[in-house]
*Asks:* 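Structure incoming, see below.
What you see below is based on every heavy atom in this structure, not just the backbone, and it leaves out hydrogens, waters and symmetry mates. Each ligand, and each atom within it, is numbered from 1 in the order the structure gives.
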Amino acid sequence: MNKLKWVTIAITMFILSMNSVMAQSTYTFIGSFKSLNTSDNAVTVQAQNGAVKLEYFQDVGFRVRYSFSGKFDKVFSYATVDPMPGRDKLSVDEENERILVTHGNLTAVVHKNPVRLEFRTEDGFTYFKETLGAGHHDGKITEVTNSPKNANYYGLGEKASALNRTGRHFEFWNTDTPGYEMNQDPLYQTYPFYIGLVNKKAFGVYYDNSFHSSFDFSARLDGNVTFASDGGELRFYVFYGPQASDVLKKYTTLTGRTQLPPKWGLGYQQSRWGYYPADEFRRMAYEFRSRHIPCDVLYSDIDYMRGYRVFTWDKSLFPHPQKLLSDLQDKGFKTVVIIDPGVKKDSSYFMYQEGVKNDYFVKLPNGDNYIGRVWPGKTAFPDFSNPDTRDWWSSKYKINMDQGIDGFWNDMDEPSSFGGKTIPNYTVFNKDGHKASALEMHNQYGLLMARSAFEGMKKADPNKRPFIITRAAFSGVQRYSSVWTGDNSAKWDDVYLTMPMIMGLGVSGVPYAGFDIGGFNGSPSGEMYMRFLQIGAFMPFSRSHTVLNSDRQEPWSYGQKYEYINRKLIEYRYQLIPHLYTAFFEHTQDGEPIIRPLFWEYQDDPKTYNIDTQFFFGDNVMVAPVIHQGKNERSLYLPKGNWFRITGDRKEYSGGQNITVPAPINSIDVYDKEYDTPLSGVPVFARGGSVVPMQEVQQYVGQKDIDTAQLHIFTDGSGSSKLYEDSGKGYDYRDGAYRLTRFQTKDLKSEFTVNIQQEGHYSGAYKTFACTVYGLKSKPESVTVDGKNVDYHYNPDKATVTFQAQSDISNIDIKK
Ligand code: MIG
C-alpha cells in the first residue's frame with residue numbers, strides 16, 4: 001500500500017471519529033427509504049440516517065428496533081423473559097410508497113418518504129402511528145407518535161397522580177422520595193409501558209430501555225405521544241388488544257407474570273420501623289392473638305441488624321433469633337426482614353471481605369470499589385448485574401431462612417445513597433459481561449436485587465414459594481417480587497393516591513402490590529387510619545407500616561371503637577381470601593391485574609375512563625372507599641348491570657348511574673348484627689350474576705382446616721366466576737394438586753341457574769358449599785341441585801335463599 005493511501009485512510013478515520021464525538025446541534029430523524037431486506041423472520045429497512053427492523057413474537061406482537069448506525073447488535077434485556085417467545089413469519093408486500101408487513105390480522109405499514117411506521121388492524125383501524133418518528137441526538141433517542149384527540153393513556157406503574165395519564169409528562173429515574181407529594185415524579189419504580197385507548201379499542205407499547213427516560217402524553221407536544229431516553233437502543237414492542245386485558249396478556253407474555261405466592265402472603269401484615277427488642281415481637285404476637293385481630297406476618301425493619309450489616313443480627317437486641325422466630329411460628333406468625341443492598345465497609349465483616357476479594361461490588365472507572373454512604377455508614381454496593389455477585393448474594397438468604405425467616409423486604413434499592421441521593425452515573429457495572437454504566441443500570445438495580453432474592457429463596461428451599469417485596473423496580477420485576485409504594489404519608493391526599501398508584505401498577509403487569517396502611521410519615525388520626533385500612537384490607541399486599549418515632553400504628557391504637565371496626569375489616573379480608581387467591585391464580589393465567597380500574601371491566605363506557613377512587617378487587621367485587629375527612633357517605637358510579645352492596649345494608653342498585661350511599665365514620669354506633677354494620681363504612685358491591693367465594697374467619701392462613709366455602713350468589717345478571725384452590729404452599733399444584741371451579745350463571749324470567757364445572761384434584765378442597773342466593777324478591781317455587789330438590793330457607797326481608805350442597809355439584813336451578 002502506498003503512502004498516500006495510508007494518509008487518506010488516516011484522514012478518513014479522523015474525520016469519522018470527529019463526526020461521532022462532535023455534538024450534533026439538532027436531532028437527526030431517520031430520513032427516507034434506501035433499501036429493503038427480508039430474511040430470517042425479520043424485515044429490515046435501511047434509510048438515509050439509519051435502519052429499522054421489524055419482527056413478530058408469538059402471542060406478543062411486533063418488535064421494532066431502530067439503529068442509527070444501520071447495524072443491529074444481539075438484544076440483551078433483563079426485563080423480558082428468557083427464552084423469548086418464538087418469532088413468527090411475516091408476509092411482506094412492497095409498493096411504491098410503502099411496504100406492508102403483515103402478521104395475521106395486524107399490519108405494520110412502513111411509509112418510505114420519510115420512513116415512518118403505522119400499525120393497523122385488518123379493518124383499517126390505525127392504533128399506533130409515527131408522526132416525527134424516530135430520532136437521535138448525542139446518544140439520546142426519541143420516538144414521536146400520533147395521539148388522536150379522544151385518546152386515553154394508562155400504565156407507567158406507580159405514578160403519584162391520576163390513573164389516566166393523558167395531558168401529562170412523566171419521568172423515569174428510580175428515586176428515594178420520602179414523603180412524596182401528589183404529582184411528584186419520578187418515584188421509586190420504572191415501567192416504560194403504557195396502554196392507549198382509542199375509539200374504545202386498546203393497544204400498548206413497551207419501550208425496552210432502562211436509561212433515564214420520559215413520556216409525554218400530549219402535554220409538551222399537543223396531539224403526540226413522545227418517548228425520550230438518555231441512551232440505549234430505541235427498541236419497542238407494540239401490542240394490540242382490542243381489550244386492555246388482551247394488551248396486558250401480551251405484555252406479560254413478554255415480561256413475565258407473578259407466580260402464586262405462599263398463601264400466608266395474602267394475610268394481613270404488621271410492620272413498623274422501631275419494633276425492637278425481641279420481646280416487642282412477642283408482645284405484638286400476643287396483642288394480635290389476644291385481641292383476635294387476624295394477622296399472618298410481622299416485619300423487622302433495619303433495627304434487627306448489627307450496625308446495619310445485612311445477614312446479621314444485633315445480639316444485644318435479639319439475643320436468640322432462632323428461639324424468637326420459632327416462638328412466633330408457634331403462634332402462627334411468619335417473619336419478614338428488611339434487606340438493604342449497601343454492604344458496610346468494614347474489613348472484619350464477612351460480606352465486605354467476600355465482596356472485595358471476589359470483585360462483587362460496583363466499581364469506579366479506575367477499578368476501585370465505589371463507596372457511598374447509607375445506614376451502616378460507608379458502604380459498597382453489590383453489582384447485581386454481575387452473575388457471580390447474584391450467585392454469591394443469593395446464597396446468603398439461607399442464613400436467615402435457616403434461622404426461621406420466611407420472606408424478605410428489599411429497601412433502598414434505587415439504589416439510594418445519602419448525600420447525592422444515588423450512586424454516580426459513571427460507576428461501572430458488569431451487565432452479564434457486557435459492561436455498562438449506572439446510566440443504564442440504575443433503573444434496573446432493584447429488579448436485579450429482587451431477582452437475586454428470588455433465586456436465593458429458591459436455592460435455599462426449592463419447595464418454598466418465595467416471598468419478596470421491593471421498593472425499587474423495573475419492568476419484569478413481577479417475575480420475582482411484589483412491590484409497595486414507598487414512603488407515603490398520613491395525609492388525606494395519600495389516602496386518595498393509594499388507588500391510582502396500585503391500579504397503575506396492576507395495569508402495568510405488577511399485580512402484587514400495596515401501600516403503607518396508615519401512611520409511613522406522620523401519625524394518622526383513628527379516622528384516617530380506618531379509611532386507609534378500608535382500602536388496604538382489599539389490597540393484594542396488605543400491611544400497616546410507619547416511620548421510627550411516629551405514634552403507635554396498630555389496628556388497636558385508636559381506641560375501642562376503631563379497634564372494633566378495624567378488626568371487622570381485617571376479618572372481612574380473611575373471609576374473602578378464597579376470592580383473592582382466585583384473583584392471584586387468574587393473574588398467573590393471563591396477566592390480569594388483581595386491583596382493576598373500572599375501565600378495565602367496562603371499556604365501552606367512557607364514563608369509567610377517569611375514575612380514580614373506585615376499583616375492582618378481583619372479579620366482580622367493586623370497592624368505593626371514602627377518602628375525605630369527616631365524610632359519612634360516598635358518591636360513586638355504577639356501570640351498567642345490577643349491583644348488590646355486600647357491606648352494610650345489602651341493598652340492590654341498578655347500574656348506569658351515579659349513586660350516593662352511606663359510609664359512616666362511626667359505623668359501629670349504628671351496629672346491627674344482621675347487617676354487619678361495622679363494615680358499612682366502606683361501600684363494597686358485587687355484580688349481579690356473579691359468585692363470590694368466601695370462608696369463615698381465621699386468625700392466620702392455615703390456622704384450621706376449613707371444609708366449607710360460603711358461596712355468595714347474586715342474581716339479576718348472568719356471568720362467569722371462578723374459585724381456585726390448592727394447598728397454598730409448594731408446587732404440587734403444578735402436578736395437578738389443585739381444583740378450579742367455574743361458575744356460569746344464567747338469569748332468566750322464570751329461573752336462575754348456576755352451571756358448575758371443575759378441573760384438577762386437590763384432596764384438601766372444600767367439601768361443602770354453603771350457598772346464599774341474593775335478589776329473590778319472592779319465595780322460589782323450588783331449589784334443585786343436580787336435579788334433586790333441596791331444603792332451603794327463604795328470608796323475605798333480605799330477599800335471599802340459603803341452602804347447603806356438596807362441593808362437587810354441577811348444577812343449581814332456582815325456579816322463581
Ligand atoms: O431511609 O428502613 O421505605 O419502609 O421503614 C429510610 C427504614 C429507610 C425506607 C423504607 C421504609 C423503612 C425505612 N427505609
*Asks:* Applying a 4.0 Å heavy-atom criterion (strictly less than), which segment of Tyr308 is in contact with ligand 1: side chain, backbone, both, or neither?
*Replies:* neither
*Asks:* Who's the nearest protein heavy-atom neighbour of atom 3 (O) of ligand 1, and how far?
*Replies:* Asp487 OD1, 2.5 Å
*Asks:* Assess the pair Phe384 and Phe429: is the distance between their ring centroids shorter than 6.0 Å?
*Replies:* no
*Asks:* Counting heavy atoms only, which part of Ile338 comes closer than 4.0 Å to ligand 1: side chain, backbone, both or neither?
*Replies:* side chain
*Asks:* Find all atoms of ligand 1 within a distance of less than 4.0 Å from any non-hydrogen atom belonging to Trp409, and give their numbers and elements.
*Replies:* 4 (O)
*Asks:* Counting the benzene-type ring for Trp, do Phe193 and Tyr251 have ring centres under 6.0 Å apart?
*Replies:* yes
*Asks:* Below 3.5 angstrom, do we get any N/O pair linking Trp375 and ligand 1?
*Replies:* yes
*Asks:* Would Trp556 and Tyr529 count as a close aromatic pair, with their ring centres under 6.0 Å?
*Replies:* no
*Asks:* For atom 8 (C) of ligand 1, what's the nearest protein heavy-atom neighbour? Residue, atom name and distance, please.
*Replies:* Asp411 OD2, 3.3 Å
*Asks:* Note the single closest protein heavy atom to atom 4 (O) of ligand 1, along with its residue, its atom name and the distance in Å.
*Replies:* His545 NE2, 2.9 Å
*Asks:* Angle between ring planes, Tyr308 versus Trp375, binned at 30° and 60°: parallel, tilted or perpendicular?
*Replies:* tilted
*Asks:* Give the ring-plane orientation class for Phe520 versus Trp273, where under 30° counts as parallel, over 60° as perpendicular and anything between as tilted.
*Replies:* parallel
*Asks:* Measure from NZ or CZ of Arg165 to the centre of the six-membered ring of Phe170 and say whether it is under 6.0 Å with the direction within 45° of the ring axis.
*Replies:* yes
*Asks:* Geometry only, no angles: is Trp484 polar-contacting ligand 1 at N/O separations under 3.5 Å?
*Replies:* no
*Asks:* Parallel, tilted or perpendicular, judged at 30° and 60°: which one describes the rings of Tyr352 and Phe361?
*Replies:* parallel
*Asks:* Is Thr546 in polar range of ligand 1, meaning some N or O pair under 3.5 Å apart?
*Replies:* no
*Asks:* Name the orientation class of the two ring planes belonging to Tyr360 and Trp392 (parallel below 30°, tilted from 30 to 60°, perpendicular beyond 60°).
*Replies:* parallel
*Asks:* Which atoms of ligand 1 have any heavy atom of Met412 under 4.0 Å away?
*Replies:* 1 (O), 8 (C)
*Asks:* Decide whether an N or O pair under 3.5 Å exists between Asp301 and ligand 1.
*Replies:* yes
